[in-house]
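Beneath this line is the structure, given in structure tokens, with notes to follow.
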Amino acid sequence: MADSENLPSDEERDEIEGGRRIASAFRASLLVIIGTGVVVGGIALAIVYWPKPPVTEREAELVEPQRRQVKIEEVPSVAFVDVTDEAGIDFVHTNGVSSWKLLPETMGGGCAFFDYDNDGDADLLLVNSNFWPEERPADATTPTTRLYRNDGAGKFSDVSADSGLAVEMYGMGAAIGDFDGDGWDDVFLTAVGSNRLFRNRTDGTFEDVTATAGVAGAADEWSSSAGFVDYDRDGDLDLFVCNYIEWSRELNIRLKPTLDGQTRAYAPPMQFQGRFPYLYRNEGNGTFAEVGEAAGLHVRNVSGYPVPKALGVAFVDFDRDGWVDILVASDTVPNQAYRNQGNGTFQEMGQSIGLALDKTGVATGAMGIDAAFHRNDDALSVAIGNFSDEPTSLFVWRTRTRVFTDDSAPTGLGPASRQELTFGVGWFDYDLDGRQDLISANGHLEHEIAKIRRNQSYEQPPHLFWNAGLGQDNEFVSVPEDRCGKDLCAAMPARGIAMADIDLDGDVDVLLTSSGARPRLLRNDQSLGHHWLSVELVGPAGNHRALGAEVKIVTADGEQRRIVSATRGYLSQSEPIAHFGLGETTAVESIEVRWPDGSTRSYPCPDVDRQVTLRYDAEDSDTEAPDTADSESADAETTDSEPTGGE
């Protein structure tokens with residue numbers, strides 16, 4: 001009994017056995033940890049001391065380049081000179097500003113460079129808004145859109161009176177394209193209210209064909225940017241029209257926004273419902289059919305209301321499948337990316353490809369938009385101008401992952417643009433060094449914003465960013481006044497932006513429009529000795545400007561690409577000519593064109609410092625158009641223009 005009393009109980013035996021198992025497991029784990037440490041240490045030593053194999057050529061391409069900070073003194077000095085008066089531009093935009101602070105007063109001011117008379121130079125169209133009927137001054141002259149004819153040397157004469165375009169409307173923007181296929185550019189004007197389409201009569205005048213064509217839109221709609229594009233690749237130009245918000249004077253007046261609790265302010269777009277865009281399919285007989293809903297463009301929120309509040313549009317083939325897609329900058333709501341599915345319909349995928357929101361997942365006050373290949377590779381870059389305290393967005397397409405990433409901050413563009421309220425944005429190679437730079441048109445909505453925001457002003461300077469090249473800590477460098485001229489840096493309430501070589505000297509000039517004020521025509525007077533090449537495409541009947549084409553040049557220094565599109569920036573159109581800066585390069589090895597029908601063709605380039613004209617020919621082709629067994633093939637006949645200007 002005594003021995004049995006000293007034996008452990010069943011519970012005690014279980015506890016002792018459990019302790020042994022834990023101790024055994026601990027010892028085993030300790031051995032594993034020690035062994036793992038020995039292995040890891042050995043691997044680390046091997047990494048440090050073993051000789052490394054040579055880096056392959058492909059691996060060398062993937063090595064991150066040595067980054068450095070670009071200094072201001074490296075920025076080229078290029079003077080932009082205000083030649084508005086000298087050129088004969090006497091236009092003043094009317095916005096009808098009133099005590100009620102109606103939102104359209106802040107938004108207008110579109111423009112277009114286009115060769116309306118087919119004489120080889122860029123003429124100018126300036127879109128006017130209007131007074132409100134209830135507040136029109138008794139002695140006011142009627143505000144109308146104005147057309148200025150270029151003499152080929154950058155001097156303009158007002159030919160509005162007899163042009164048929166001097167119409168009264170609360171205009172917003174313009175779109176340019178040859179919708180009837182006669183080889184002459186036609187004009188579409190957007191407005192608060194009904195839109196208007198004008199057919200070029202080929203004699204210097206235009207005929208209003210809005211009713212016949214069926215493109216007026218609803219009388220209570222507010223349309224903003226628009227553009228012509230052959231989205232279905234049937235050979236004629238269709239028409240896409242951005243609609244902004246559901247707006248009326250009565251609704252706007254009922255809202256009571258203020259700046260400081262007392263001073264009435266302009267109502268923000270968040271207080272209005274969005275609207276669906278129009279997509280007008282060209283029927284080929286002078287008429288259009290509105291197919292936006294059937295084409296998949298009617299994007300709704302969870303409550304069933306329209307999502308878009310569209311202000312800017314760009315036509316690009318972002319997924320490189322041969323079909324042009326539609327990117328839309330939408331104000332305070334997600335941006336839209338309509339992927340062309342090649343069957344007459346689109347899939348909206350802005351959020352899934354990273355274009356809808358900024359990198360924090362927030363919708364921005366997006367307005368102007370432009371797309372380019374700014375790194376001279378196949379990575380498409382999309383710039384979007386945003387509201388104040390929101391940096392300009394720079395969405396860059398990643399071919400491997402097939403999404404956009406916002407590179408605004410790491411490139412230096414974001415921090416430098418955050419304070420500005422940006423409307424129009426535009427890519428162009430202002431110094432002809434072979435890299436596309438960026439310019440923005442800035443200006444606030446509120447005349448009295450400085451009273452409550454010390455870092456804001458109504459009039460703001462345009463902002464020019466020099467593209468210093470990939471691999472720099474500041475890929476985009478703000479160009480200071482002493483390197484671009486005081487005329488460019490002077491503050492203004494800027495809105496629209498358009499670009500063209502107005503004097504045919506090889507560099508690109510800029511026009512900036514103002515809300516309720518004069519525009520500013522800035523002549524590029526660069527004298528860096530850089531070479532250049534301009535490529536004009538003559539497309540097939542129905543799209544004689546070859547809108548939607550892409551042009552690639554190959555030189556000893558690499559490749560450059562340009563998108564041929566008039567629709568760029570905000571409410572505006574630029575001349576649809578591919579301008580290339582060549583720097584010190586004196587030869588172009590080849591020019592490759594992907595025509596709007598998807599076919600491609602390569603051409604020799606006989607010389608530089610000149611404009612080259614390439615003509616579409618459907619009888620032959622180097623490459624069949626993808627996914628279109630019944631599409632026409634393409635060939636082209638090269639017509640070289642005489643050198644026009646240069647160094």
Side-chain angles (χ1 to χ4, degrees), residues 93-98 100-110 127-136 142-145 164-175 179 186-199 206-228 238-255 266-267 269 271-283 286-295 297-298 300 305-311 313 328 330-331 571:
H93 179 258
T94 298
N95 59 9
V97 61
S98 68
W100 290 110
K101 289 202 168 184
L102 304 178
L103 190 55
E105 298 166 8
T106 71
M107 306 295 285
V127 182
N128 216 341
S129 299
N130 210 338
F131 300 103
W132 301 113
E134 300 83 354
E135 302 189 37
R136 179 188 292 268
T142 301
T144 65
T145 290
L165 295 176
V167 294
E168 181 182 10
M169 59 194 298
Y170 204 99
M172 284 283 132
F179 82 89
D186 309 301
V187 175
F188 180 77
L189 300 179
T190 64
V192 178
S194 298
N195 302 318
R196 310 277 283 273
L197 177 64
F198 298 87
R199 184 181 68 83
F206 292 80
E207 174 190 6
D208 189 335
V209 295
T210 309
T212 303
V215 294
D220 60 352
E221 198 68 83
W222 176 354
S223 298
S224 53
S225 294
F228 285 97
D238 312 296
L239 177 62
F240 181 91
V241 182
C242 295
N243 289 319
Y244 185 34
I245 55 175
E246 185 177 349
W247 181 89
S248 69
R249 176 185 175 89
E250 295 71 28
L251 174 58
N252 201 150
I253 290 176
R254 284 201 301 270
L255 299 173
Y266 287 106
Q271 297 186 351
F272 301 89
Q273 292 290 347
R275 301 298 292 163
F276 296 129
Y278 295 136
L279 179 61
Y280 293 104
R281 186 185 64 217
N282 193 332
E283 301 293 80
T287 68
F288 292 80
E290 206 290 303
V291 296
E293 183 172 15
L297 303 184
H298 285 198
R300 301 176 186 272
Y305 294 105
V307 169
K309 297 180 182 179
L311 287 177
V313 60
V328 175
S330 275
D331 192 5
L571 303 180

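- By the side chain to side chain contact (heavy atoms under 4.5 Å, CB included) test, Thr145 is found to be paired with Leu125, Val127, Leu189, residues two or more places apart in sequence or in another chain being considered.
- Listed by chain and residue number, Phe179 satisfy the ring pair (Phe, Tyr, Trp, His ring centres under 6.0 Å) test with Phe288 (two or more places apart in sequence, or in another chain).
- Partners of Phe188 by ring pair (Phe, Tyr, Trp, His ring centres under 6.0 Å), not counting sequence neighbours: none found.
- Scanning for side chain to side chain contact (heavy atoms under 4.5 Å, CB included) contacts around Ala267 gives Asn252, Leu255, Pro257, Gln271, Phe272, with sequence neighbours left out.
- For residues 187-199, the salt bridge (Lys or Arg N to Asp or Glu O under 4.0 Å) pairs, not counting sequence neighbours, are Arg196-Asp208, Arg199-Glu207.
- Partners of Arg136 according to the salt bridge (charged side-chain N to carboxylate O under 4.0 Å, His left out) rule, which considers only residues two or more places apart in sequence or in another chain, are Glu168.
- Applying the ring pair (Phe, Tyr, Trp, His ring centres under 6.0 Å) rule to Phe198 yields no partners; only residues at least two apart in sequence or on another chain are considered.
- Judged as a side chain to side chain contact (heavy atoms under 4.5 Å, CB included), and not counting sequence neighbours, the contacts of Ser224 are Cys242, Leu311, Leu571.
- Here Phe240 pairs with nothing under the ring pair (Phe, Tyr, Trp, His ring centres under 6.0 Å) rule; sequence neighbours left out.
- The salt bridge (charged side-chain N to carboxylate O under 4.0 Å, His left out) search around Glu105 returns none, not counting sequence neighbours.
- Residues passing the salt bridge (charged side-chain N to carboxylate O under 4.0 Å, His left out) test with Glu134 are Arg249, sequence neighbours excluded.
- By the neighbour-count criterion of 12 heavy atoms within 6.0 Å, atom CH2 of Trp132 is densely surrounded, having more than that number from other residues, nucleotides or ligands.
- Ala294 is linked by a side chain to side chain contact (heavy atoms under 4.5 Å, CB included) to nothing, counting only residues two or more places apart in sequence or in another chain.
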